[in-house]
Amino acid sequence: KAGVTQTPRYLIKTRGQQVTLSCSPISGHRSVSWYQQTPGQGLQFLFEYFSETQRNKGNFPGRFSGRQFSNSRSEMNVSTLELGDSALYLCASSLAATRVRGVGTDTQYFGPGTRLTVL
Amino acid sequence: AQSVTQLGSHVSVSEGALVLLRCNYSSSVPPYLFWYVQYPNQGLQLLLKYTSAATLVKGINGFEAEFKKSETSFHLTKPSAHMSDAAEYFCAVSRSGGYNKLIFGAGTRLAVHP
């Protein structure tokens, strides 16, 4: 079974531009979560999508947004890029069937990430 | 609120020596705990997870971790280090009903010397 794929793997943008990152989950997985990894702040949760709905959100400004399509593929968008947005953006997918007790135990499988550099 | 503290940003061991990576958590509700490993230029790979079943959890590549509620700890161990274990290790916590939001520690970089 193919793993989580993220495209592109590397991106270079300039301040003020916007960027869209893509994530294809493992086949059959319905939840996609996004994380930002930086040397200073570490790994931080951005948001989670399930059945095309955002059901959890981290503490990031509104410039960070996402969406999920009917095939569970997800995109995240960052508008008006700032230097501090330079990071590795990781996508993770999981089965996450329904809202039941124990859903927090769902194993998340991570993709290789997209390295974004903002100049 | 939940949080994770990993003691020691860098740990260095000799090949064949015991590996011990420390993780302490803070949670007002029963936590679910995870250890992930990240190799250079790669994503995160799950080593093991604790979900309120057995307190001693065995994972891949010979790693295991013990959940100690009284100490709020979930330390990762491996009896004998291998050169291929050199990587960065992250402890993470989530909670039931918290969907898939993982709160990560700052990470511990493990170096293995011959």
Side-chain angles (χ1 to χ4, degrees), chain A residues 3-6 9-10 23 25-26 29-51 53-60 68 74 88-115, chain B residues 1-10 23 25 27-54 57-60 65 67 74 87-109:
Chain A
V4 178
T5 58
Q6 293 186 245
R9 290 293 311 277
Y10 301 91
C23 172
I26 293 171
H29 285 193
R30 299 171 63 190
S31 166
V32 173
S33 298
W34 289 89
Y35 294 83
Q36 181 195 64
Q37 185 177 23
T38 61
Q41 299 300 315
L43 279 155
Q44 294 184 286
F45 173 81
L46 279 156
F47 30 63
E48 182 204 3
Y49 285 87
F50 174 71
S51 290
T53 301
Q54 186 183 90
R55 65 176 185 179
N56 214 345
K57 189 177 188 302
N59 295 323
F60 279 82
Q68 187 180 34
S74 176
L88 180 67
Y89 290 89
L90 293 164
C91 161
S93 77
S94 64
L95 282 170
T98 57
R99 183 177 176 175
V100 295
R101 172 181 166 78
V103 70
T105 67
D106 214 17
T107 296
Q108 295 187 55
Y109 297 88
F110 284 80
T114 294
R115 173 77 61 185
Chain B
Q2 296 177 302
S3 65
V4 174
T5 302
Q6 291 184 241
L7 299 175
S9 58
H10 291 80
C23 172
Y25 70 90
S27 179
S28 57
V29 298
Y32 298 112
L33 295 158
F34 306 79
W35 275 100
Y36 282 87
V37 61
Q38 185 176 36
Y39 297 99
N41 299 316
Q42 294 187 27
L44 303 175
Q45 180 183 10
L46 180 70
L47 283 175
L48 49 82
K49 67 180 182 182
Y50 166 77
T51 58
S52 74
V57 182
K58 293 187 183 299
I60 62 171
F67 173 71
F74 190 57
E88 190 153 23
Y89 292 79
F90 294 92
C91 182
V93 64
S94 72
R95 65 188 181 106
S96 175
Y99 301 107
N100 287 316
K101 178 179 179 179
L102 289 170
I103 306 297
F104 285 91
T108 297
R109 187 169 297 279

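Here is the naming used below: chain letters follow the sequence lines, and residue numbers restart at 1 for every chain. Both backbone and side-chain heavy atoms feed into the values below; hydrogens, waters and symmetry mates do not.
No side-chain N or O of A/Gln108 forms a donor-acceptor pair with one of A/Ser94 less than 3.5 Å apart.
Within the 4.5 angstrom heavy-atom criterion, atoms from both the backbone and the side chain of B/Leu44 approach chain A. With a 4.5 Å cut-off on non-hydrogen atoms, A/Leu43 touches chain B through its backbone and its side chain both. For A/Tyr109, no part sits under 4.5 Å from any heavy atom of chain B, backbone or side chain. For A/Gln41, no part sits under 4.5 Å from any heavy atom of chain B, backbone or side chain. For a residue to count as touching a neighbouring chain, one of its non-hydrogen atoms must lie under 4.5 Å from one of that chain's; by this rule A/Leu88 touches chain B with the side chain only.
A donor-acceptor pair is defined here as one N or O able to donate and one able to accept, closer than 3.5 Å; no such pair exists between the side chain of A/Glu48 and the backbone of A/Arg55. Checking side-chain atoms of B/Arg109 against main-chain N and O of B/Ala87 turns up no donor-acceptor pair under 3.5 Å. A donor-acceptor pair under 3.5 Å is formed between the side chain of A/Tyr35 and the backbone N or O of B/Leu102. Under the 3.5 Å distance criterion, the side-chain polar atoms of A/Ser74 are left unmatched by any main-chain donor or acceptor of A/Cys23.
Across B/Gln45, B/Gln38, B/Gln42, the residue that shares the most heavy-atom pairs under 4.5 angstrom with chain A is B/Gln38.
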